[in-house]
Every structure is written in C-alpha cells, then in structure tokens.
> 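Before anything else, here's the structure in question.
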Amino acid sequence: MEQNRLQEDFKDALRGTKGRIGVLCEDLATGTRAVCVSEDGKLTDGADDVFESASVIKLWIMSAAFARFQEGTLARDQEVTLQESDQVPPGGLLDYRADQLAGRLTTDMFPESGILNYLTPGLKLTVSDLVRMMIILSDNTATNMMIDLLGLEAINAHIQSLGAKKTLLARRLFDRDPLGLHRENLISLRETADWFRRLYEGKLVSAEASREMNAILQNQQTTYKIPFYIQDLPIAHKTGEDLGIANDCGIVYSEAPYIFCFASNRAEVPQAVRICQELAARPAGRG
C-alpha cells in the first residue's frame with residue numbers, strides 16, 4: 001500500500017481515540033515509513049514516539065543475550081536453577097481473588113504470562129530455554145532471570161550500541177524494589193522498527209543470530225493483535241500487555257514484507273486492540 005495513503009489511514013483510525021496511541025509501518029523494500037501518534041485523539045507529528053513497553057522490551061533482552069553468545073561470554077547450555085525468589089510475586093499457583101484481597105498482588109500482576117511462576121523451584125533450565133520462554137510465552141519470571149544474568153546496565157549498553165537513545169530497560173518486570181518504583185521500561189516506535197530492520201537484514205548481532213531470533217519470534221504464542229486478520233502469513237513479532245497497554249511490533253512476511261509497530265498507553269484496551277488488528281492488515285491488502 002502506498003505510504004501516503006497509509007499515513008492518512010492511520011490518522012483516520014486514531015482520531016477520537018482515548019489514551020496515547022502510536023503506529024508505524026515501514027516498507028522493507030523502500031525503507032519509507034508512515035508514522036502517527038495521538039494523544040486522546042489529537043494527532044501529533046509523531047516526534048515523541050516513546051511508550052511504556054510492557055513485554056516488547058524483551059526484544060532487546062533477547063538480542064543482548066545473543067550478543068553474549070556471539071562473544072563467547074555466555075553459553076547457551078549454561079544451566080540456571082529456578083529459585084522461589086525468581087518467581088514473580090507471590091509465586092506458585094495463584095488464587096487471584098484471595099491474593100488480591102490479601103494485598104499480595106495488584107491488578108497489573110494477573111493473569112501472569114508464561115509458565116515458570118507455576119513450576120516447582122529447583123527446576124534446572126538452560127539460558128537458551130529462558131530466552132525462548134521469555135519470547136514465545138512472554139514468561140516474566142524467565143525475563144527477570146535473564147535480566148539478573150545479563151545485568152540491567154549491560155542490557156542498556158547493548159540497547160545503546162544499536163543506536164537507540166530513547167528505549168530503556170529501567171527495572172525488572174513487576175519489580176517491588178523501592179529503587180525501581182515509578183520507573184517504567186520504555187520503547188520508541190522508530191527504534192523498535194530499526195531493531196526489526198536489522199533483524200530482517202541479518203545484521204542483528206550476526207546473520208545466524210538474526211535467523212534464530214527471527215524464528216523464535218515467529219513462534220510467538222500471543223496472536224490476537226497483528227496476526228488477527230493475517231494468520232496465514234509468517235509474522236515475527238512481540239506483544240506487550242498491561243493495564244491500559246496493548247502493544248505489538250514485528251515483521252509481516254507478506255508478498256511485500258513490512259515492519260508494523262503499534263503501541264498504546266492509558267488506552268481503552270479493546271479499542272486499541274481492534275485498531276491494531278485492522279491497521280496491521282492494511283499494508284498486506286487486508287482489513
């Protein structure tokens with residue numbers, strides 16, 4: 001789809017919406033981009049394209065791990081033992097109603113994604129297992145284990161090495177450490193698109209690392225946003241969900257492949273999800 005027309009479609013879709021919503025589409029053949037951001041339905045020039053990331057930040061944690069694999073400073077088959085302290089609080093099988101009433105979790109902590117929070121501590125996993133669970137199942141416990149293993153500062157140094165200046169890993173997921181309070185993990189739509197372009201071109205860490213990360217992302221298990229109307233197409237993507245947040249960013253392998261990045265904060269999530277579903281299919285001639 002011609003980018004000027006797409007830009008107008010984005011503007012039409014975001015007028016009158018609630019919350020902060022941003023959308024970007026890049027034609028991978030030409031490199032041209034359509035970008036639109038709205039604040040409670042008022043369109044902006046998109047220069048401020050930063051959003052709370054939710055689980056989309058896991059993209060950079062994955063590539064930071066692959067960079068360490070490439071350097072030989074971290075082994076894929078290194079074993080890590082699941083500790084009770086690793087599990088997103090309160091750990092174990094949750095009784096959401098009882099735990100909420102008892103003050104052990106807040107509404108943004110459920111339903112917990114992934115599986116490790118429900119398994120018995122002492123389980124041995126490889127680093128490769130953690131990376132795959134972090135992306136494919138969006139496992140938050142696996143993510144926090146990877147953050148602890150790689151180091152928050154080292155992950156941010158990796159992010160910056162890719163030319164990203166706005167994207168930030170500020171804290172572990174659902175971190176209750178007072179030092180992390182009121183700090184949010186952030187992504188930029190443009191920097192996320194740059195990450196995916198590197199992946200597409202085989203230049204994210206290395207050609208082989210790019211191929212493997214692309215394959216992991218194509219096995220993403222949350223498929224109700226970008227893929228909704230285009231389930232028959234291969235899509236390498238990562239979602240993010242939280243209260244008022246509905247994000248999804250990736251590469252759609254249509255006949256003319258494109259990057260599609262969608263983010264929403266303080267949004268009416270059903271409305272945002274519907275917009276994401278519809279706009280993601282437009283460049284493929286659907287929706």
Side-chain angles (χ1 to χ4, degrees), residues 53-100 102-159 169-181 183-185 205 209 212-213 215-223 238-242:
S53 69
S55 289
V56 177
I57 197 67
K58 296 171 184 177
L59 293 171
W60 282 269
I61 300 171
M62 175 172 65
S63 59
F66 271 83
R68 292 281 302 276
F69 297 158
Q70 182 78 11
E71 295 168 357
T73 57
L74 180 65
R76 295 165 176 269
D77 60 356
Q78 177 179 321
E79 284 194 342
V80 183
T81 302
L82 175 66
Q83 307 289 341
E84 186 174 355
S85 58
D86 292 323
Q87 295 174 312
V88 174
L93 193 62
L94 303 182
D95 180 334
Y96 290 116
R97 180 60 176 162
D99 287 326
Q100 186 179 16
R104 289 190 291 267
L105 80 166
T106 57
T107 52
D108 65 341
M109 289 185 180
F110 65 87
E112 164 57 17
S113 62
I115 189 63
L116 289 183
N117 200 51
Y118 309 112
L119 302 185
T120 304
L123 176 68
K124 293 189 180 300
L125 303 139
T126 67
V127 173
S128 184
D129 291 335
L130 293 177
V131 170
R132 294 182 180 209
M133 282 188 280
M134 176 177 69
I135 299 297
I136 295 173
L137 299 177
S138 203
D139 194 295
N140 289 329
T141 294
T143 303
N144 284 345
M145 291 172 74
M146 287 304 303
I147 292 172
D148 292 343
L149 185 64
L150 297 170
L152 190 144
E153 289 186 5
I155 295 169
N156 281 316
H158 167 75
I159 292 170
L169 177 65
R171 57 171 175 76
R172 297 165 89 246
L173 277 69
F174 301 123
D175 193 358
R176 296 194 298 180
D177 186 333
L179 293 177
L181 293 179
R183 301 180 64 195
E184 296 298 339
N185 299 325
V205 181
E212 187 174 348
M213 286 187 280
I216 291 171
L217 288 162
Q218 288 183 56
N219 282 280
Q220 162 79 238
Q221 296 297 293
T222 304
T223 60
K238 183 70 195 79
T239 64
E241 296 83 27
D242 207 332

> Measuring only between side-chain heavy atoms, which start at C-beta, is Phe66 closer than 4.5 Å to Ile216?
yes

> What distance do Ser53 atom OG and Leu173 atom CG have between them, rounded to the nearest 0.5 Å?
7.5 Å

> Between atom CZ of Arg171 and atom CG of Asn144, what is the distance when rounded to the nearest 0.5 Å?
9.5 Å

> At their closest point, which heavy atom of Met213 faces which heavy atom of Ser63, and how far apart are they?
SD-CA, 3.7 Å

> With distance as the sole test, does Gln221 use its side chain to make a donor-acceptor pair with the main-chain N or O of Asn219 at under 3.5 Å?
yes

> Can you give me the closest heavy-atom contact between Ile159 and Trp60, atom names plus distance?
CG1-CD1, 3.4 Å

> Between atom CG of Asp148 and atom OG1 of Thr143, what is the distance when rounded to the nearest 0.5 Å?
11.0 Å

> Hey, does Leu116 have a side-chain heavy atom less than 4.5 Å from the side chain of Met145?
yes

> Work out which heavy atom in Ala64 is nearest to a heavy atom in His158; give both atom names and the distance.
N-NE2, 3.3 Å

> Heavy atoms, side chains only, cut-off 4.5 Å: are Thr120 and Leu123 in contact?
no

> So how far is it from Lys238 NZ to Leu217 CG, rounded to the nearest 0.5 Å?
8.5 Å

> Would you say Arg132 and Glu212 make side-chain contact, with heavy atoms under 4.5 Å?
yes

> Of all heavy-atom pairs between Leu74 and Phe69, which one has the smallest distance, and what is that distance?
O-CD2, 3.3 Å

> With a 4.5 Å heavy-atom cut-off, do Arg76 and Val127 have their side chains touching?
no

> Do Leu82 and Thr141 come within less than 4.5 Å of each other through their side chains, counting heavy atoms only?
yes

> Test your reading of the model: is there a side-chain donor-acceptor pair from Asp139 to the backbone of Met134, 3.5 Å cut-off?
no

> Any idea which heavy atoms bring Ser55 and Ser138 closest together, and the distance?
OG-OG, 3.2 Å

> Examine the side chains of Lys58 and Asn140 and answer whether a donor and an acceptor come within less than 3.5 Å of each other.
yes

> With rounding to the nearest 0.5 Å, note down the distance linking CD1 in Ile147 to CG in Leu130.
11.5 Å

> Specify the closest pair of heavy atoms between Met146 and Ala65, including all atoms of both residues, with the distance to one decimal.
CE-CB, 3.8 Å

> Within a reach of under 6.0 Å around CD of Glu71, are more than 12 heavy atoms found that belong to other residues, nucleotides or ligands?
yes

> Hey, are Thr126 and Asp129 close enough side-chain-wise for a donor-acceptor pair under 3.5 Å?
yes

> State the CG-CG distance between Asn156 and Leu150, to the nearest 0.5 angstrom.
11.5 Å

